[in-house]
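The structure appears below as structure tokens.
When a residue number appears, it is its place in the shown sequence, counting from 1.
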Amino acid sequence: MTPIIECVPNFSEGRNPLIIQAITNEIESVEAVRLLNVDPGKATNRTVVTFVGPPEAVVEAAFLAIRKAGELIDMRQHTGEHPRMGATDVCPLIPVSGISMEETVRWAVILAERVGKELALPVYLYEAAQSDKLRNNLSVIRAGEYEGFFEKIKKPEWKPDFGPSIFDEKRGATVIGARDFLVAYNVNLNTTSVRRANSIAFDVREAGRIKREGDPVYGEIVKDEKGQPVMVPGSLKSVKAIGWFIKEYGIAQISMNLTNISVTPLHVAFDEVCRKAEARGIRVTGSELVGLIPLQSLVDAGKYFLKKQKRSAGVSEKELIRIAIISMGLNELASFKPEERIIEYLLKEPADEKLIRLSLNEFSDETASESPAPGGGSVAAYIGALGASLGAMVANLSAQKTDWESFSEWAEKAAVYKKELISLVDADTKAFEGIMSARALPKTTDTEKTFRINAIEKATMHAIEVPFRVMKISLQSMDVLKAMAIEGNPNSKSDAGVGAVCARGAVIGAYLNVCINAAGSESDKHIAGILSEGRKIQDQAVAKETEILELINLTPNT
């Protein structure tokens, strides 16, 4: 797997589109780097940029962007609501795939050293890239901000990790590091009071607030035996938060960094802010995401809010995302477009979804054309997806009547099967195309012949594995269909029967493709094992179909 890292630099310019464009042009000038998102904020006067690519290319793009930002942004003139200390305020690297955090740290240090040396810019390492735990927290490093750093940098304990120990009046300083995925998230309030917003922020953030005797605002600070203020922790782990007023919107917000969304997911943070705000007589009116978010965060949020309504969560991914957007008011301040904000959607290659993006009519026309692909394998995957979809439908309809939690679980299982089978529609055609490409390789020299033979073997194995996966998932989907035949809404049991017919057809159709792709390779022990297991799966599917049809008394007369 090619190593991929994400870079999310924050630049202290959110109002001048020409400067922002000049910076992002530098990023896009690097081959192999893909710019995913540019999110400027006028009130914060800050732009969050997201791009991905192989480590070396990402580091080069980040260096060019930091250099350009230093040339165009003058911190002496900068004002904005967000804390900042430099033209490139912070530049984190995040491992995405095929690379460890340790390797990502190494690349962050390479970037930091180069920026400090070649640009003569003070650079601080943070998060995983910083070995000194006393200065690995961004908020601790940035404390005092641009205005206070002229004196702070002179202190021995705040000597930069790289670059000069003299604060750059025009460019400031920058922080470079490596961290896990972070979600920047703001919750909107129906107040203009920063003090009240901060009170809510202190209620929820992990660091909490300083403990005071009596009055929580004006009471005397409680100190420990070392003379340090005692902190009262907030209610959310892995959350940083402050309150601020956004003149652009005319409201106060709780600005949060969710540093570990597996510990505190997006929807949990939103609901907790709602509770704390209501306790203070304030209402949450919506929220906004800054930058990108993983798909699973919005899917989980959609399921959470449906289950709060005691509704089945086994609906489509698109519907779950829509529910999440509506429930958290993500489109209150600006239109929220999932295709532009969800990182997995931005990383998708259109060629990987060529078939499933077609209409039903277009898909059937493409299947009927002179082209050998899509063929039986893709069609088998598609009818398998239709079978799983019918299982989900019966479960969702049944959840409206009784035992919604149990039926929701069945519907969610069916939705998972459906999603994977849909992905295998294009995967099967691509696997076939892989065989054709391998066979078209040159075979003049012995080296070319050997390479071609190996390529054909590898492509053939993949072309066997894809329909074999269709078989396994389609068989699993029949468990849902059987449950619906037994427990589902009586008025929809015939739909479970149709689903069973589809699933059985998908298994048999996919097995035909396994066999044709394995032709001539049966002597291979691994392939022979797949063929043997495939026959068992086919027999199980036929038996389950019969069982399901008998359960709903719809066995056709023969």
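Ring centers of Y124 and F149: under 6.0 Å apart, within the cut-off.
Listed for the S12 side chain is a donor-acceptor partner under 3.5 Å among the backbone atoms of G86. Between the side chain of N45 and the backbone N or O of H78, no donor-acceptor pair lies under 3.5 Å.
Heavy atoms of other residues, nucleotides or ligands lying less than 6.0 angstrom from NZ of K117 number 12 at most. Within 6.0 Å of atom CD in E56, 12 or fewer heavy atoms from other residues, nucleotides or ligands are found, so the atom counts as exposed in its surroundings. For I166, the CD1 atom sits in a loose shell: 12 or fewer heavy atoms of surrounding residues, nucleotides or ligands are nearer than 6.0 Å. No more than 12 heavy atoms of other residues, nucleotides or ligands sit less than 6.0 Å from atom CZ of R196.
Counting only heavy atoms from C-beta outward, the side chains of F162 and V115 never approach each other to under 4.5 Å. Taking 4.5 Å as the limit, some side-chain heavy atom of K308 sits within range of a side-chain heavy atom of D271.
For the residue pair N10 / R46, a side-chain donor-acceptor distance below 3.5 Å is found, with atom types taken as modelled. A donor and an acceptor atom, one from each side chain of N137 and S139, are located under 3.5 Å apart. Side-chain N/O atoms of S378 and T429 include a donor and acceptor closer than 3.5 Å. When only modelled atom types and interatomic distance are considered, Q253 and N188 share a side-chain donor-acceptor pair under 3.5 Å.
The side-chain hydrogen bond (donor to acceptor under 3.5 Å, both in side chains) test with D203 is passed by exactly one of R275, R209, K276: R209.
Between K307 and E412 there is a salt bridge, since at least one side-chain N of the basic residue sits less than 4.0 Å from a carboxylate O of the acidic one.
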Start with the C-alpha gap between D180 and T259, add the side-chain angles, then the distance that decides, and say whether side chain to side chain contact (heavy atoms under 4.5 Å, CB included) holds. CA-CA 7 Å; D180 290 319; T259 60; over 6 Å; no

